[in-house]
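What follows is a short report on a single structure.
Scope of the values below: all heavy atoms of this structure, side chains included, with no hydrogens, waters or symmetry mates.
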Amino acid sequence: MNLNKKVYDLCKKIPKGKLSTYKLIAKKLNTNAYRAIGQILKHNKDPIKIPCYKIVKNNGEISGYNGNNRKNISKKIKLLGKDGIIIKNNKVLNFEKLLYKF
DNA sequence: AGTCGAGCGCGCA
DNA sequence: TGCGCGCTCGACT
């Protein structure tokens, strides 16, 4: 099973209003390929179905989104907001509480 | 303390 | 075939 598929699967498992981190996912998948996950999400085939915006850095900070530019990040923040996740200064409020631990 | 480099796995040239 | 990346951590200064 390819890593990317696993990542997608986990992403889809994240409940509404929750989020997760690269590292956590990697760990859950028994791999150390944090970077690969970023790469996968960047090139994910279903950005709509796969809530990749729910994946943030390990410290709760927001990173890039599809375009890897600031504008998309804003969009990402908006999307997160729709799910009830508040972003302040590129960081997730109550990150630890919203963190989905699979 | 802050900075730097390495390393995983996959995608693209 | 080789390099870069939505990252993270450990080692060195």
Side-chain angles (χ1 to χ4, degrees):
Chain A
M1 195 173 184
N2 286 342
L3 184 63
N4 73 350
K5 192 154 192 195
K6 295 192 212 170
V7 172
Y8 293 150
D9 201 48
L10 279 178
C11 286
K12 283 190 278 190
K13 275 188 187 168
I14 300 176
K16 192 170 187 287
K18 296 270 190 165
L19 30 81
S20 187
T21 73
Y22 298 93
K23 185 191 164 187
L24 204 60
I25 290 173
K27 198 153 197 176
K28 180 65 187 173
L29 298 178
N30 288 324
T31 179
N32 303 311
Y34 329 102
R35 305 188 67 194
I37 294 173
Q39 202 59 191
I40 289 163
L41 288 171
K42 185 166 84 172
H43 291 285
N44 80 71
K45 42 176 184 163
D46 286 310
I48 317 296
K49 298 190 175 174
I50 315 283
C52 48
Y53 52 84
K54 283 184 185 160
I55 315 295
V56 296
K57 288 200 195 178
N58 198 40
N59 63 343
E61 192 176 304
I62 301 291
S63 46
Y65 191 36
N66 283 335
N68 184 22
N69 54 19
R70 298 308 239 132
K71 294 167 192 169
N72 279 342
I73 290 178
S74 309
K75 184 157 191 169
K76 178 174 178 174
I77 292 172
K78 233 175 186 175
L79 283 166
L80 287 167
K82 267 192 166 180
D83 271 8
I85 297 166
I86 313 298
I87 309 298
K88 190 114 184 175
N89 291 343
N90 269 13
K91 293 200 178 65
V92 182
L93 285 191
N94 296 325
F95 166 66
E96 295 177 22
K97 290 184 183 174
L98 294 176
L99 184 61
Y100 180 57
K101 299 163 192 95
F102 300 109

Whole-Å distance between C:dG6 C1' and A:Ile25 CD1?
12 Å
To the nearest Å, how far apart are A:Gln39 CD and B:dC10 C1'?
7 Å
Does A:Lys23 have a side-chain nitrogen or oxygen under 4.0 Å from the phosphate oxygens OP1 or OP2 of C:dC9?
yes
Whole angstrom value for the distance that separates C1' of B:dG9 from CG of A:Leu10:
16 Å
For A:Leu3, answer base if it contacts any base atom (sugar-phosphate contacts may also be present), sugar-phosphate if it contacts only those atoms, and nothing otherwise; contact means non-hydrogen atoms under 4.0 Å.
sugar-phosphate
Whole-Å gap separating P (B:dG9) and CD1 (A:Ile37)
11 Å
Atom pair distance, as rounded to whole Å: CD1 in A:Ile62 and P in C:dC7:
12 Å
Is any side-chain nitrogen or oxygen of A:Asn32 closer than 4.0 Å to OP1 or OP2 of B:dG9?
no
Touch check for A:Ile55, heavy atoms < 4.0 angstrom, all strands: base, sugar-phosphate only, or nothing?
base
Donor-acceptor contact present, side-chain A:Asp46 to main-chain A:Ile48, <3.5 Å
no
Return the nucleotide paired to C:dG6: Watson-Crick means purine N1 to pyrimidine N3 with N6-O4 or O6-N4, wobble means G-U with N1-O2 and O6-N3, both under 3.5 Å.
none
A:Arg35 (side chain) and C:dG6 (base): donor-acceptor pair under 3.5 Å
no
The nucleotide from B:dC10, C:dG6, C:dC9 with an atom nearest the side chain of A:Ile40 is B:dC10
Side chain of A:Lys54, backbone of A:Cys11: donor and acceptor closer than 3.5 Å?
no
Could you give the distance separating C:dG4 and B:dG5 at their C1' atoms, to the nearest angstrom?
16 Å
To the nearest 0.5 Å, tell me how far A:Ile85 CD1 sits from A:Ile77 CD1.
11.5 Å
Residue-phosphate contact under 4.0 Å: A:Asn58 side-chain N/O, C:dC9 OP1/OP2:
yes
So, is A:His43 near the phosphate of B:dC10, with a side-chain N or O under 4.0 Å from OP1 or OP2?
no
Grab the two heavy atoms, one from A:Lys57 and one from A:Thr21, that are nearest each other, plus how far apart they are.
O-CG2, 3.4 Å
In whole angstroms, how far is the C1' atom of B:dG11 from the NZ atom of A:Lys42?
9 Å
Picking from C:dC9, C:dG6, B:dC10, the nucleotide nearest the side-chain atoms of A:Asn44 would be C:dG6
With a 4.0 Å cut-off on heavy atoms, is A:Lys6 in touch with a base, just the backbone sugar-phosphate, or nothing at all?
nothing
Of the options B:dG9, B:dG11, C:dT8, whose atoms approach the side-chain atoms of A:Asn4 most closely?
B:dG11
Figure out the CG/P separation between A:Leu80 and C:dG6, and round it to whole Å.
18 Å
Between C1' on C:dG6 and CD1 on A:Ile73, what's the gap in Å once rounded to a whole number?
8 Å
Please report the closest heavy-atom contact between A:Leu79 and A:Tyr53, naming both atoms and the distance.
CD1-CD2, 3.9 Å
In whole angstrom, give me the gap between the C1' atoms of C:dG6 and B:dT3.
22 Å
A:Tyr22 side chain: which of B:dC8, C:dG4, C:dG6 is closest?
C:dG6
Closest contact, heavy atoms only, A:Lys18 versus A:Lys97
NZ-O, 3.7 Å
Scanning all shown strands, the Watson-Crick or wobble mate of B:dT3 with both distances under 3.5 Å is C:dA11
